[in-house]
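Notes follow once the structure below has been shown.
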Amino acid sequence: MADELPEDSKLTRSKRRWAEEGRFLTGRHLRPDEEGLPPGQHLVQDWPVLDLGRQPDIPLERWTLRLFGLVEQEVTLDWTAFTALPQAQERSDIHCVTSWSRYDNDWSGVSTRTLLELGRPLSSATAVMLHSHDGYTTNLRLDDFLAPDALVAVRWSGQPLARSHGGPARLVVPHLYFWKSAKWLGAIEFVADDRPGFWESNGYHLRGDPWAEERYANH
Ligand SMILES: Nc1nc2c(c(=O)[nH]1)N[C@H]1C(S)=C(S)[C@@H](COP(=O)(O)O)O[C@H]1N2
Ligand SMILES: [Mo]
């Protein structure tokens with residue numbers, strides 16, 4: 001399913017270095033203020049694109065989403081089956097670990113709770129690993145994955161989600177840094193242990209709560 005990871009881009013190398021240096025850390029979560037943004041974040045009006053240097057092209061007729069791992073029954077949804085599921089709408093903010101935030105993004109798609117009912121994970125499943133078509137992976141605790149405003153989004157601002165932003169379908173988990181929101185999502189693996197994905201193996205925090213400045217593994 002997932003392709004090989006691309007060669008490291010300049011951005012990927014910079015982000016690895018920022019994790020080593022502890023770039024953007026303020027320590028301000030220890031003395032919260034009234035700004036309305038997580039510490040060390042600034043607001044942008046545009047919407048930056050971040051990826052590993054490859055934006056896979058997945059035609060809708062070949063698109064699938066697979067639920068596997070510690071589940072009662074493995075499920076593979078095609079586009080028709082996925083879009084026939086109850087559609088959720090959520091407005092939420094984006095907080096990228098590279099320090100930009102963007103308010104009021106209107107997403108629609110399928111709630112992660114709806115997907116859970118289909119996948120029926122075993123009680124031994126405590127976390128998920130997300131697998132994307134560019135070879136990217138990221139991990140989430142099951143409770144974070146199932147946050148009430150988390151969804152697999154196929155539309156943004158009423159339009160089909162652009163390929164550059166992870167279309168046809170991406171995860172959106174707004175209460176964590178945006179690297180947890182896997183673009184070009186292909187599979188959700190239910191697992192027993194919360195193990196690191198791509199950025200979590202490259203200096204970034206296992207969980208990534210922006211309000212607690214959980215940017216890096218070692219700072
Ligand atoms: N498949 C995949 N998902 C990904 C990434 C990636 O490189 N590949 N980058 C992550 C990072 S670091 C960020 S900040 C956001 C960027 O999403 P955007 O390009 O829509 O702003 O996607 C996240 N999800
Ligand atoms: Mo990011």
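Every number for a ligand or one of its atoms is a count from 1 in the order of the listing. Residue numbers start at 1 and run along the sequence shown. Not measured: the values here are computed from a predicted model.
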Location of contacts on W184 toward ligand 1, heavy atoms closer than 4.0 Å: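 W184 to ligand 1: side-chain contact only, backbone stays beyond 4.0 Å.
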
List ligand 1 atoms under 4.0 Å from [X], heavy atoms only on the residue side.
{"X": "L52", "value": "7 (O)"}
{"X": "A182", "value": "3 (N), 24 (N)"}
{"X": "R170", "value": "15 (C), 17 (O), 18 (P), 20 (O), 22 (O)"}
{"X": "W100", "value": "21 (O)"}

Flag [X] as yes when one of its N or O atoms lies below 3.5 Å from any N or O atom of ligand 1, and as no otherwise.
{"X": "Y136", "result": "no"}
{"X": "D51", "result": "no"}
{"X": "D134", "result": "yes"}
{"X": "S132", "result": "yes"}
{"X": "K183", "result": "yes"}
{"X": "C96", "result": "no"}

Would you call [X] a ligand 1 contact, heavy-atom distance under 4.0 Å?
{"X": "Y177", "result": "no"}
{"X": "P48", "result": "yes"}
{"X": "H133", "result": "no"}
{"X": "K15", "result": "yes"}

Heavy-atom side-chain proximity of S92 to V172 below 4.5 angstrom: yes

Test side-chain contact (heavy atoms from CB on, under 4.5 Å) applied to W79 and I58, step by step: CA-CA 11 Å; W79 188 254; I58 307 128; over 6 Å; no

